[in-house]
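In this text the structure is predicted, and so the values were computed from the model without any measurement. Numbering of residues begins at 1 and proceeds along the displayed sequence.
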Amino acid sequence: MGKKVLFINQEITPYVPESEMSVMGNLMPHKIQELGFEIRTFMPKWGIINERRGQLHEVIRLSGMNLIIDDTDHPLIIKVASIPQSRIQVYFIDNEDYFQKRKTTVDDNGDEYSDNGERAIFFARGVLETVKKLRWTPDIIHCQGWMSAVVPLYVKTAYKEEPQFANTKVVTSLFSEQPKGNLDDKFKHSLEFKEANSKVLEKYNERFDFIELGKLAIDYSDGIVKVNDNVNDDLLKYAQANDKPVFNHSTAEEAQNDYTTFYNKLLG
């Protein structure tokens with residue numbers, strides 16, 4: 001039986017405009033599935049997504065859970081659609097406060113949302129709770145984009161005793177796209193969940209920005225993908241200094257076998 005890979009993507013075409021990240025979000029699940037892997041794919045249900053055009057519909061049996069972020073209940077809504085060309089099924093994490101009627105990283109004025117950190121926390125926990133409900137056990141979790149950067153921490157701490165994640169290896173892809181703002185103390189408080197507590201942040205700069213968030217993702221990942229030559233040099237050096245296996249993303253034609261080799265190496 002083929003190995004199982006969970007892709008947790010920040011962006012996927014055709015649901016959001018084309019970018020390096022959104023094209024990768026579409027391409028990699030398709031390429032990996034072609035090689036016989038069983039996959040699941042998640043992304044946020046950004047407010048810019050046209051649900052009617054994308055043919056999204058709510059999955060009632062998976063929705064309805066409340067996640068507590070910063071001492072406030074936030075209902076988790078799960079929607080699903082299939083990418084037309086590949087028929088890859090995509091699960092969307094939705095919530096009225098964090099995603100509906102809002103854009104992606106920045107608002108109409110180009111300003112980063114002040115609660116981007118809490119949005120990432122909700123997304124990470126929403127994905128992992130939904131995978132539990134699906135009773136699906138991934139061998140590899142592959143995170144693409146800062147929106148998924150909290151996932152490695154939770155997999156290795158708060159969810160490490162869950163049978164579905166106990167033996168899972170986590171891969172983080174580093175992209176050149178990176179928000180510039182800071183994640184405030186509210187983020188640090190909101191991050192706390194089970195074994196994931198504020199102590200895990202003590203080693204990072206007090207001014208906790210998205211570079212520090214990237215370091216957090218690297219620390220709790222088993223392998224790193226360097227997507228292009230414009231990846232933040234500090235993050236790349238940090239991964240290498242911490243002896244993380246770093247894989248250089250190749251062309252689409254070469255990607256299938258290269259990624260398979262990288263996954264299998266991590267799985268031993």
**Student:** For Gln89, look at atom CD and say whether over 12 heavy atoms of other residues, nucleotides or ligands are found less than 6.0 Å away.
**Tutor:**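 It does: Gln89 CD has more than 12 such atoms within range.
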**Student:** Taking atom types as modelled and ignoring hydrogens, do the side chains of Asn228 and Glu20 form a donor-acceptor contact shorter than 3.5 angstrom?
**Tutor:**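 Glu20 and Asn228 do have a side-chain donor-acceptor pair below 3.5 Å.
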**Student:** Are any of the side-chain nitrogens in Glu112 or Lys180 under 4.0 Å away from the carboxylate oxygens of its partner?
**Tutor:**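 Here Glu112 does not pair with Lys180 in a salt bridge, since their nearest N and O are not under 4.0 Å apart.
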**Student:** Please find the pair of heavy atoms, one from Pro152 and one from Val170, that lie closest to each other, and give the distance.
**Tutor:**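 Answer, listing the atom of Pro152 first, then Val170: CG-CG1, 3.7 Å.
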**Student:** Is the backbone N or O of Pro138 less than 3.5 Å from a side-chain atom of Thr168, with the two atoms forming a donor-acceptor pair by type?
**Tutor:**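 Present.
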**Student:** What is the distance from atom CZ of Phe123 to atom CG of Asp94, rounded to the nearest 0.5 Å?
**Tutor:**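 Phe123 CZ to Asp94 CG: 11.5 Å, rounded to 0.5 Å.
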**Student:** Are more than 12 heavy atoms from other residues, nucleotides or ligands located less than 6.0 Å from atom CD of Gln100?
**Tutor:**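 Counting other residues, nucleotides and ligands, CD of Gln100 exceeds 12 neighbours.
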**Student:** Does Lys199 come within less than 4.0 Å of Glu202, counting only side-chain N to carboxylate O?
**Tutor:**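 A salt bridge is absent here (no side-chain N lies under 4.0 Å from a carboxylate O).
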**Student:** Check the side chains of His142 and Tyr259 for a donor-acceptor pair under 3.5 angstrom, ignoring hydrogens and angles.
**Tutor:**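 Judged by distance alone, the side chains do not pair up.
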**Student:** What closest approach, in Å, do Asp209 and Arg207 show between heavy atoms, and which atom pair accounts for it?
**Tutor:**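 For Asp209 versus Arg207, the nearest heavy atoms are OD2-NH1, 3.0 Å.
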**Student:** Check this for me, if you would: do Asp219 and Lys203 make a salt bridge, where the nitrogen-to-carboxylate-oxygen distance has to be below 4.0 angstrom?
**Tutor:**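 So Asp219 pairs with Lys203 through a salt bridge.
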**Student:** Has the side chain of Gln144 got a donor or acceptor atom that lies under 3.5 Å from a matching backbone atom of Ser173?
**Tutor:**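 Not confirmed, Gln144 side chain does not pair with Ser173 backbone.
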**Student:** Going by salt bridge (Lys or Arg N to Asp or Glu O under 4.0 Å), name the pairs with one or both residues in residues 62-75, residues two or more places apart or in two chains.
**Tutor:**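 For residues 62-75, and leaving out neighbouring residues, the salt bridge (Lys or Arg N to Asp or Glu O under 4.0 Å) pairs sorted by first residue read Asp70-Lys186.
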**Student:** Check whether Ser63 reaches the backbone of Ile60 with its side chain - one donor and one acceptor, N or O, closer than 3.5 Å.
**Tutor:**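 No; judged by distance alone, with no hydrogens or angles, the pair does not exist.
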**Student:** For Ile12, is there any backbone N or O sitting under 3.5 Å from a side-chain donor or acceptor partner on Asn9?
**Tutor:**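 No, because the side chain of Asn9 does not come within donor-acceptor range (under 3.5 Å) of the backbone of Ile12.
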**Student:** Same cluster or not: Met43 versus Val23, using hydrophobic residues (I, L, V, M, F, W, Y) connected whenever any side-chain heavy atoms lie under 4.5 Å apart?
**Tutor:**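 No, Met43 and Val23 fall in different hydrophobic clusters.
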**Student:** Test of understanding: with salt bridge (Lys or Arg N to Asp or Glu O under 4.0 Å), list the residues that count as partners of Asp222, not counting sequence neighbours.
**Tutor:**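 Expected list: Lys156.
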**Student:** Verify the distance criterion only: is there a donor paired with an acceptor across the side chains of Ser19 and Glu11 at less than 3.5 Å?
**Tutor:**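 Present: a donor and an acceptor within the cut-off.
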**Student:** Which pairs, with at least one residue in residues 78-115 and sequence neighbours excluded, count as a ring-ring contact (aromatic ring centres under 6.0 Å, His included)?
**Tutor:**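 Qualifying pairs: Tyr15-Phe92, Phe42-Tyr91, Trp46-Phe99, His74-Tyr98, Tyr98-Phe122.
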**Student:** State the CD1-CD1 distance between Ile224 and Ile218, to the nearest 0.5 angstrom.
**Tutor:**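 Rounded to the nearest 0.5 Å, the CD1-CD1 separation comes out at 5.0 Å.
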**Student:** Decide, yes or no, whether a salt bridge links Glu38 with Arg40 under the criterion of side-chain N to carboxylate O below 4.0 Å.
**Tutor:**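 Counted as a salt bridge, because a side-chain N and a carboxylate O are separated by less than 4.0 Å.
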**Student:** Looking at every heavy atom in both Ala81 and Gly54, which two are closest together, and how far apart are they?
**Tutor:**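 Taking Ala81 first and Gly54 second, the nearest heavy atoms are CB-O, 3.4 Å.
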**Student:** Can you tell me how far NZ of Lys3 sits from OG1 of Thr137, rounded to the nearest 0.5 angstrom?
**Tutor:**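 Answer for the OG1-NZ pair, Thr137 versus Lys3, is 12.0 Å.
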**Student:** State, without any angle test, whether Gln178 and Asn232 hold a side-chain donor-acceptor pair at a distance under 3.5 Å.
**Tutor:**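 Note: Gln178 and Asn232 side chains miss the donor-acceptor criterion.
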**Student:** Main chain of Ser198, side chain of Glu192: is a donor-acceptor contact present, judged purely on distance under 3.5 Å?
**Tutor:**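 Looks like yes, one N/O pair under 3.5 Å.
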**Student:** Any side-chain to backbone donor/acceptor pair from Tyr154 onto Leu191? Under 3.5 Å, distance only.
**Tutor:**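 At least one qualifying donor-acceptor pair exists.
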**Student:** Closest heavy-atom contact between Trp146 and Ala120?
**Tutor:**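 Closest approach of Trp146 to Ala120, heavy atoms only: CZ3-CB, 4.0 Å.
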**Student:** Can you tell me how far CG of Leu67 sits from OG of Ser190, rounded to the nearest 0.5 angstrom?
**Tutor:**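 That separation rounds to 12.0 Å.
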**Student:** Any Lys/Arg nitrogen of Arg102 or Asp115 sitting under 4.0 Å from an Asp/Glu carboxylate oxygen of the other?
**Tutor:**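 Between Asp115 and Arg102 there is a salt bridge, with a charged N closer than 4.0 Å to a carboxylate O.
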**Student:** Quick one: pull up CG in Leu213 and OH in Tyr204 and give me the separation to the nearest 0.5 Å.
**Tutor:**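 Output value for this atom pair is 9.5 Å.
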**Student:** Does Glu161 come within less than 4.0 Å of Lys194, counting only side-chain N to carboxylate O?
**Tutor:**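 Judged by the 4.0 Å cut-off on N to carboxylate O distance, Glu161 and Lys194 do not form a salt bridge.
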**Student:** Could you state the interatomic distance from CG (Asn248) to CG (Leu236), rounded to the nearest 0.5 Å?
**Tutor:**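 Taking CG in Asn248 and CG in Leu236, the distance rounds to 8.0 Å.
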**Student:** Answer yes or no: is there a donor N or O on one side and an acceptor on the other, between the side chain of Thr13 and the main chain of Asn26, under 3.5 Å?
**Tutor:**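 No, Thr13 side chain to Asn26 backbone: no donor-acceptor pair under 3.5 Å.
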**Student:** Take a 6.0 Å sphere around CD of Glu206 and say whether it holds more than 12 heavy atoms from other residues, nucleotides or ligands.
**Tutor:**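 Counting other residues, nucleotides and ligands, CD of Glu206 stays at 12 neighbours or fewer.
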**Student:** Does Gln10 reach the main-chain N or O of Met147 with its side chain, forming a donor-acceptor pair under 3.5 Å?
**Tutor:**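 Looks like yes, one N/O pair under 3.5 Å.
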**Student:** Counting only heavy atoms not in Asp229, do more than 12 sit closer than 6.0 Å to its CG atom?
**Tutor:**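 Not more than 12 within 6.0 Å, no.
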**Student:** Around atom CG of Asn50, are there more than 12 heavy atoms from other residues, nucleotides or ligands closer than 6.0 Å?
**Tutor:**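 Enclosed: over 12 neighbouring heavy atoms sit under 6.0 Å from CG of Asn50.
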**Student:** When you measure from the side chain of Ser86 to the backbone N and O of Ile88, does any donor-acceptor pair fall under 3.5 Å?
**Tutor:**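 Yes; at least one donor-acceptor contact below 3.5 Å.
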**Student:** Give a yes or no answer on whether the side chain of Lys160 reaches the backbone of Val155 with a donor-acceptor pair at less than 3.5 Å.
**Tutor:**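 Here the side-chain-to-backbone pair does not exist.
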**Student:** With the 4.5 Å side-chain cut-off for hydrophobic clustering, are Val80 and Val5 part of the same group?
**Tutor:**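 Yes; Val5 is reachable from Val80 via cluster members.
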